[in-house]
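Note that these values count all heavy atoms, side chains included, but never hydrogens, waters or copies made by symmetry.
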Amino acid sequence: MGEASRALPPQSSYNATGTGGPTANKETMMTPDRDYIRFNVLRNALYHTARRLTCERWSKWLNFVVVILGAAAMGDLQGNFGLKPYWAGAGIALAGSLQLIFDFSAAARDHQSLQREYYKLLADIEASIGADGHQLAVFYSRMLHLTGEERPTMKAVDARAYNDAIDGTGLYPQDQRLVVPLLHRLTANWISRTGYEYKKEAELLEAERLAS
């Protein structure tokens, strides 16, 4: 889930590594401030929690279908409803194919691992209230390292994680929440919507004000 492909926090200030101030010379590497890093780390942790739960749910349901349809008793039950035996075989083949193609259990493990790493990083950030420029650079580097290990981003799921991070941190006003259409929420875990940019509530309200 690369940072550049997502909406940024409403207000992001930057500190100069090693100085902590805005007056650093041009050669000094610029590092986001603690709130910016903390916000995005929490956001990523929430994203991977949501994706892990979804993948685990689908893996369990597909395994359930394979076991139930493969049971001998299910064949007798199908006969009572006038269904042909090949329907059970087709269901097993479909469920097995979905497991093979999407590999939900492996995806769930990947998201669980990243979720755990992001929360470890968040704990370190929370314990470093007076972090200097060097510490912030280390935190930011760790965050970027984790983003490089992520699967492609599901933008609607990420937008919801963004909103949850705003609610959870209280760092930014509520009108900075992203507006996610109903259809996008319903298909959040199935369509990546790469390149789509969600508007913030404040932006939509301003557009309405200018249009009126």
(Q) Between Y119 and L114, is there shared hydrophobic-cluster membership here, with clusters defined by ILVMFWY side-chain heavy atoms closer than 4.5 Å? (A) yes

Q) Within the distance-only criterion (no hydrogens, no angle test), does the side chain of S59 pair as donor or acceptor with the backbone N or O of C55 below 3.5 angstrom? A) no

**Q.** Y118 side-chain N/O to H48 backbone N/O, donor-acceptor pair under 3.5 Å
**A.** no

Q: To the nearest 0.5 Å, tell me how far T54 OG1 sits from N189 CG.
A: 3.5 Å

Q: Indicate yes or no: at least one non-hydrogen side-chain atom of R38 is less than 4.5 angstrom from one of L171.
A: yes

Q: Check for a donor-acceptor pair, side chain of N163 on one end and backbone N or O of L178 on the other, with a separation under 3.5 Å.
A: yes

Q) How long is the span from the CZ atom in R177 to the CG atom in D164, to the nearest 0.5 Å? A) 7.0 Å

Q: Take D167 and Q174, measure what side-chain contact (heavy atoms from CB on, under 4.5 Å) needs, and give me the verdict at the end.
A: CA-CA 8 Å; D167 295 338; Q174 287 292 303; 3.1 Å; yes

Q | In one Ile/Leu/Val/Met/Phe/Trp/Tyr side-chain cluster, 4.5 Å: Y196, V180 | A | yes

**Q.** Side-chain heavy atoms of F39 within contact of D35, under 4.5 Å
**A.** no

Q | Distance-minimising heavy-atom pair for L144 and T147 | A | O-OG1, 2.6 Å

Q) Is a side-chain donor or acceptor of S113 paired with a backbone partner of R109 at a separation under 3.5 angstrom? A) no

Q: May I ask you to decide if D175's main-chain N or O and K200's side chain share a donor-acceptor pair within less than 3.5 Å?
A: no

(Q) Run the side-chain contact (heavy atoms from CB on, under 4.5 Å) test on Q176 and E201 for me, step by step, so that the C-alpha distance in whole Å, both residues' side-chain angles and the decisive distance to 0.1 Å come before the verdict. (A) CA-CA 6 Å; Q176 296 299 311; E201 293 179 5; over 6 Å; no

(Q) Would K155 and T194 count as a side-chain contact (heavy atoms from CB on, under 4.5 Å) here? Give the steps. (A) CA-CA 7 Å; K155 293 294 292 291; T194 301; 5.5 Å; no

Q | Atom CD1 of I129: over 12 foreign heavy atoms under 6.0 Å | A | no

Q) Can you tell me how far CZ of R51 sits from OG1 of T49, rounded to the nearest 0.5 angstrom? A) 12.0 Å

Q: Output the distance between atom OH (Y47) and atom CG (L42), rounded to the nearest 0.5 Å.
A: 15.0 Å

Q. Which heavy-atom pair separates A108 from E56 by the least distance, and what is that distance?
A. CB-CG, 3.6 Å

Q: Tell me yes or no: between the side chains of R193 and T153, is some donor less than 3.5 Å from an acceptor?
A: no

Q. At their closest point, which heavy atom of Q135 faces which heavy atom of G130, and how far apart are they?
A. OE1-O, 4.1 Å

Q: Would you please test L146 and N44 for side-chain contact (heavy atoms from CB on, under 4.5 Å) and show each step?
A: CA-CA 10 Å; L146 290 173; N44 290 352; over 6 Å; no

Q. Under 4.0 Å between a Lys/Arg side-chain N and an Asp/Glu carboxylate O for D158 and R43?
A. yes

Q. Do the charged groups of R142 and E117 touch, with an N to O distance under 4.0 Å?
A. no

Q. Would you say the ring centroid of Y198 lies under 6.0 angstrom from that of Y162?
A. no

Q) Roughly how far, to the nearest 0.5 Å, is OG1 of T187 from CE of M154? A) 8.0 Å

Q: Please test R34 against E126 for salt bridge (Lys or Arg N to Asp or Glu O under 4.0 Å), starting from the C-alpha separation and ending with a verdict.
A: CA-CA 9 Å; R34 180 176 179 273; E126 294 293 347; 3.8 Å; yes

Q.
Ignoring hydrogens, what is the shortest heavy-atom contact between P173 and I166? Give both atom names and the distance.
A. O-CG2, 4.1 Å

(Q) Looking at A156, is its backbone amide N or carbonyl O close enough to the side chain of R185 to form a donor-acceptor pair, meaning the two atoms are under 3.5 Å apart? (A) no

Q) Going from CZ on F104 to CG on N63, what distance comes out if it is rounded to the nearest 0.5 angstrom? A) 11.0 Å

Q: Would you tell me whether R52 and Q115 have side-chain atoms, one donor and one acceptor, within less than 3.5 Å of each other?
A: yes

**Q.** Any donor-acceptor N/O pair, S141 side chain to A137 backbone, under 3.5 Å
**A.** no

Q | Test item: R160 side-chain N/O and A188 main-chain N/O as donor-acceptor pair under 3.5 Å | A | no

